[in-house]
**Student:** 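What follows is a structure written as structure tokens; I'll ask about it next.
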Amino acid sequence: MSNSSAPVNAANFIEDRVREDLAAGKNEGKVHTRFPPEPNGYLHIGHAKSICLNFGLAEKFKGLCNLRFDDTNPTKEDVEYVDSIQGDVRWLGFDWQERRFYASDYFSRLYEFAEQLIREGKAYVCDLSAQEIKTHRGTLTEPGTESPYRNRTPEENLDLFRRMRAGEFPDGSRVLRAKIDMASPNLNLRDPVLYRISHAEHHRTGKSWCIYPMYDYAHPLSDALEGITHSICTMEFEDHRPLYDWIIEAVKPGARPEQIEFARLNLSNTVMSKRKLRELVEQGYVEGWDDPRMPTLSGLRRRGYTPEAIRDFSDRIGVAKSNSMVDIAMLEHCIREDLNARAPRVMAVLKPLKVVLDNYPADKVEWLEAENNPQNPEMGSRQLPFSRVLYIEQDDFLENPPKKFFRLSPGQEVRLKHAYIIRCVAVLKDEARGEVKELHCTYDPETKSGAPASGRKVKGTLHWVSAEHAISAEVRLYDHLFLKENPDDVGEGEDFKANLNPNSLERLSSCRVEPGLAEAQPGSHFQFLRQGYFCLDVKDAGPGGLVFNRTVPLRDTWAKIKG
RNA sequence: UGGGGUGUCGCCAAGUGGUAAGGCACCAGACUUUGACUCUGGCACGCGUAGGUUCGAAUCCUGCCACCCCAGCCA
């Protein structure tokens, strides 16, 4: 079991707020939240923060959390996204039970509410064009001017609104607006549009509507209709809150949900906006929404991130209102901590260097016992074949080693993990290229792991595979998608793509891994000893070959020392 | 120049008048058949800034500065 679920996150201001409401006897002691994605893209780690917050709050206060698709704009939305969003939320470990809703479930009710507003003189049909509405809105510093249609009678408005709904008018010809205050310093209150005409087919309601409600109108009412007590959203909606409250106050749907805003997640070395992620996908900078380099939940999943690690991350980063950029090292810490406890250790040589043990019998094979996870003895052990010809990592040998190099070099000894101590006696080189082709070593039979004389200390321990027994695999080494912490930090005339890391993916196709990996299940996690955590790819690993994705490398003190 | 927010260690983030939690990162050491893990120690005389109130201020007051959001018939 992962230890990441143990520490409970510190309270945040939203939790405090909920507690206050409870103490004040609001909402009959109930807590009801919702996660309201628009089905127009894939979920990313920033959404995970919101999901964990909303579902987590419900869990903590024994309340409920709904999944609600905010599908009020048919031109941008699609069922493809509805499906992936549900899969991602479930994968993260949250359950909305039977409470999956759609804003489109409420189109009829929303329409009735709109007629009510019209009858009460709180909304009117406006014939101004989009461009005219814009100019009438005024500016940040100057008040707007009232629409000439603002004082139509309720009767005329009702007639026009019904005809809008009946499809008598073309897209963009009229809108329904709230009658609030064209001089408000808050632009959201300058008679905001409530309904627009769009003869578009909706992914759920088909062609039954040709007018669609705006977010500012649909959201508070959807919340009220579902009995949401705390409607949590991101900071950019803070100055929509007066409008949210206005709608609730004007319509009186019977419930008074309160909107609370928090700062969205920014993660270093990646981008989070749907627009930018889409650009990376559509222009081929990555191989899809689930490319392991993407911060999407589907990408992280394929990369080998676990839901536990992502939830732990959400807890650790906290919830506040200030703009912030979380170091991606925090996320990496979380996945390392989780996988350290649960991933079986395995021998995998990424860049093989042949080693021949001159004094080891040519036909001999020993099966050596290897623990699967020193952190967790219950994971047992396995047998590893050992023979005369082995592969070690190219990086683990240096002909002219610097000080503090604890690995193999001419004349020096190292321990082979779970096996013997060996000494390098000869180096075969391709003189033309200056490359080391093959090493000849001798092994010390007295030093077999577990044997009485095995206690002898040597500086380093290497991972290895038996050449005869090892199987081939492709390994994909992933690195940060962007070189800069903030990808938007660019020079004149450049955009975020200028900061793309050209080495975010390195494919190694001649890796050799221990034979037991032939049975590995797609999606399963491993620690490649001394290298990192890897995950058998679910898409590209077929019967023909193994493909591993590097989730995250192990921390590497040596890399720091050598610079 | 309007309105709304936010400023506490390199990065997150507690703190709500009684003398700066914690995590990540980093540094040093111990342990180690993973240069991993783990463990130990270090890491803000200071809370955007300048004043003020107070026995006492990150917390209260005033001024200033910086950054973010808002002029979609997007969400």
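Protein chains get the first letters and strands the later ones, always in sequence-line order, with residue 1 at the start of each. Just so you know, these numbers come straight off a predicted model, no measurement behind them.
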**Student:** Which is true for A:A320 with a 4.0 Å heavy-atom rule: it touches a base, it touches only sugar-phosphate, or it touches nothing?
**Tutor:**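 Sugar-phosphate contact only - A:A320 comes under 4.0 Å of backbone atoms but never of a base.
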
**Student:** Does A:H333 put a side-chain nitrogen or oxygen below 4.0 Å from OP1 or OP2 of B:rC24?
**Tutor:** yes

**Student:** Need the glycosidic conformation of B:rG7: syn if within 90° of 0, anti if not. Which one?
**Tutor:** anti

**Student:** Indicate, with a heavy-atom threshold strictly under 4.0 Å, whether A:L331 touches base, sugar-phosphate, or nothing.
**Tutor:**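 If one applies the 4.0 Å heavy-atom cut-off, A:L331 turns out to touch nothing in the nucleic acid.
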
**Student:** Over all strands shown, is A:V319 touching base, sugar-phosphate only, or nothing at heavy-atom distances under 4.0 angstrom?
**Tutor:**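 Sugar-phosphate, backbone atoms only, no base.
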
**Student:** Contact class for A:F528 vs. all strands (heavy atom < 4.0 Å): base, sugar-phosphate, or nothing?
**Tutor:**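 The answer is nothing, as A:F528 stays clear of every strand by at least 4.0 Å.
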
**Student:** Between B:rC24 and B:rA20, how far apart are the P atoms? Round to whole Å, please.
**Tutor:**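 Approximately 23 Å lies between the P atom of B:rA20 and that of B:rC24.
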
**Student:** Give A:V326 one of three labels, base, sugar-phosphate or nothing, depending on what nucleic acid heavy atoms sit under 4.0 Å from its own.
**Tutor:**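 Counting heavy atoms under 4.0 Å across all strands, the contact made by A:V326 is with sugar-phosphate only.
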
**Student:** Quick check for you: among B:rG35, B:rG7, B:rG23, whose closest atom lies nearest to any side-chain atom of A:R316?
**Tutor:** B:rG23

**Student:** For A:K321, report the nucleic acid contact type (base, sugar-phosphate, nothing); a contact means any heavy atom under 4.0 Å.
**Tutor:**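 Counting heavy atoms under 4.0 Å across all strands, the contact made by A:K321 is with sugar-phosphate only.
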
**Student:** Can you tell me the base-pairing partner of B:rG7? Count Watson-Crick or G-U wobble geometry only, both distances below 3.5 Å, and say none if there is no partner.
**Tutor:** B:rC65

**Student:** What's the closest nucleotide to the A:S322 side chain, out of B:rU34, B:rU6, B:rC68?
**Tutor:** B:rU6

**Student:** Suppose we define a pair by two distances each less than 3.5 Å, Watson-Crick or G-U wobble; what does B:rA57 pair with here?
**Tutor:** none

**Student:** Does A:R174 qualify as a cation-pi partner of A:F169, given the criterion of NZ or CZ under 6.0 Å from the six-membered ring centre and within 45 degrees of its axis?
**Tutor:** yes

**Student:** For RNA chain B, determine which residues of residues 66-79 of chain A have any heavy atom closer than 4.0 angstrom to one of its atoms, and list them numerically.
**Tutor:**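 Listed by number, they are A:D70, A:T72, A:N73, A:K76.
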
**Student:** Taking only the side-chain heavy atoms of A:L554 (C-beta and beyond), determine which of B:rU34, B:rC73, B:rG2 contains the nearest atom.
**Tutor:**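 For A:L554, the side-chain atoms sit closest to B:rU34.
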
**Student:** Assign A:R407 to base, sugar-phosphate, or nothing according to its heavy-atom contacts below 4.0 angstrom with the strands shown.
**Tutor:**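 Answer is base: heavy atoms of A:R407 come under 4.0 Å of a base.
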
**Student:** Indicate, with a heavy-atom threshold strictly under 4.0 Å, whether A:K134 touches base, sugar-phosphate, or nothing.
**Tutor:**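 A:K134: backbone/sugar contact only, no base atoms under 4.0 Å.
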
**Student:** Aromatic rings A:F528 and A:F526: how do their planes relate, parallel, tilted or perpendicular, breaks at 30° and 60°?
**Tutor:**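 The rings of A:F528 and A:F526 sit tilted, inter-plane angle from 30° to 60°.
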
**Student:** Using only side-chain N and O atoms of A:R174, determine if any of them is under 4.0 Å from OP1 or OP2 of B:rC73.
**Tutor:** no

**Student:** Decide yes or no on side-chain contact (heavy atoms from CB on, under 4.5 Å) for A:K179 and A:L117, but give the supporting numbers first.
**Tutor:** CA-CA 9 Å; A:K179 190 191 277 192; A:L117 287 180; over 6 Å; no

**Student:** Enumerate the residues from residues 262-271 of chain A whose closest heavy atom to RNA chain B is under 4.0 Å, giving them by residue number; use none for an empty result.
**Tutor:** none

**Student:** Between B:rG3, B:rA71, B:rU34, spot the one nearest the side chain of A:R137, thanks.
**Tutor:** B:rA71

**Student:** Need one value for A:Y212: base, sugar-phosphate or nothing, where a base atom within 4.0 Å counts as base even if backbone is also close, heavy atoms only.
**Tutor:**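 Here A:Y212 touches no strand at all.
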
**Student:** Closer than 4.0 Å, any side-chain N/O of A:K560 to the OP1 or OP2 of B:rC26?
**Tutor:**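 Looking at the OP1 and OP2 atoms of B:rC26, one of them is under 4.0 Å from a side-chain N or O of A:K560.
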
**Student:** How is A:L140 classified with respect to the nucleic acid when contacts are heavy atoms under 4.0 Å: base, sugar-phosphate, or nothing?
**Tutor:** base

**Student:** Could you tell me whether A:D395 and A:R407 make a salt bridge, using a distance below 4.0 angstrom between a side-chain N and a carboxylate O?
**Tutor:** no

**Student:** Where the side chain of A:D16 is concerned, which of B:rG35, B:rC26, B:rU16 is the nearest nucleotide?
**Tutor:** B:rU16

**Student:** Hey, does A:H219 reach any base, or is it just sugar-phosphate, or nothing, if we go heavy atoms under 4.0 Å?
**Tutor:** nothing

**Student:** Decide yes or no for A:E514 and A:L384: does some side-chain heavy atom of the first lie under 4.5 Å from some side-chain heavy atom of the second?
**Tutor:** yes

**Student:** Between B:rC11, B:rG2, B:rG7, which nucleotide has the shortest distance from any of its atoms to the side chain of A:D327?
**Tutor:** B:rC11

**Student:** Taking the side chain of A:E38 as heavy atoms from C-beta outward, which of B:rG2, B:rG3, B:rC74 is closest to it?
**Tutor:**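 For A:E38, the side-chain atoms sit closest to B:rC74.
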
**Student:** Tell whether A:Q527 reaches the base of B:rU34 with its side chain through a donor-acceptor pair below 3.5 angstrom.
**Tutor:** yes

**Student:** Classify the ring geometry of A:Y360 against A:F386: parallel below 30°, tilted from 30° to 60°, perpendicular beyond 60°.
**Tutor:**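 Aromatic pair A:Y360/A:F386 classed perpendicular.
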
**Student:** Confirm from the modelled atom types if A:R415 and B:rU33 form a donor-acceptor pair under 3.5 Å, side chain to base only.
**Tutor:** yes

**Student:** Touch check for A:I133, heavy atoms < 4.0 angstrom, all strands: base, sugar-phosphate only, or nothing?
**Tutor:** base

**Student:** Report yes or no: is there a donor-acceptor pair, N or O only, under 3.5 Å between the side chain of A:S449 and the base of B:rU33?
**Tutor:** yes

**Student:** Classify the nucleic acid contact of A:H463 as base, sugar-phosphate or nothing, counting any heavy atom under 4.0 Å across all strands shown.
**Tutor:** nothing

**Student:** Output yes if the stacking criterion (under 5.5 Å between centres, under 30° between planes) is met for A:W558 over the base of B:rG35, else no.
**Tutor:** yes

**Student:** Name the closest nucleotide to the A:E236 side chain, picking from B:rU34, B:rC74, B:rC69.
**Tutor:** B:rC69

**Student:** May I ask you to check whether over 12 heavy atoms, not counting those of A:R150, lie within 6.0 Å of atom CZ?
**Tutor:**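 Correct, the count exceeds 12.
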
**Student:** Counting only side-chain heavy atoms from C-beta out, which of B:rC37, B:rG23, B:rC12 sits nearest to A:M330?
**Tutor:**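 Nearest to the side chain of A:M330 among the choices is B:rG23.
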
**Student:** How would you label the contact of A:G41 with the nucleic acid (heavy atoms, under 4.0 Å): base, sugar-phosphate, or nothing?
**Tutor:** nothing

**Student:** Looking at A:R345, does any N or O in its side chain come under 4.0 Å of the phosphate oxygens OP1/OP2 on B:rU33?
**Tutor:**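 Checking B:rU33 against A:R345, no side-chain N or O comes under 4.0 Å of OP1 or OP2.
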
**Student:** Under 30°, 30 to 60°, or over 60°: which ring-plane class applies to A:F35 and A:H47, parallel, tilted or perpendicular?
**Tutor:**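 Geometry flag for A:H47 against A:F35: perpendicular rings.
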
**Student:** Is there a donor and acceptor pair, one atom on the side chain of A:D556 and one on the base of B:rG35, closer than 3.5 Å?
**Tutor:**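 Not at all, since no donor on one side and acceptor on the other fall under 3.5 Å apart.
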
**Student:** Among B:rA75, B:rG35, B:rG3, which is the nearest nucleotide to the side chain of A:D239?
**Tutor:**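 Of the candidates, B:rG3 comes closest.
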
**Student:** I'd like to know whether A:Y215 forms a ring-ring contact (aromatic ring centres under 6.0 Å, His included) with A:H219, so could you lay out the CA-CA distance, the side-chain angles of the two residues, the decisive distance to 0.1 Å, and finally the verdict.
**Tutor:** CA-CA 5 Å; A:Y215 166 88; A:H219 207 89; 4.8 Å; yes

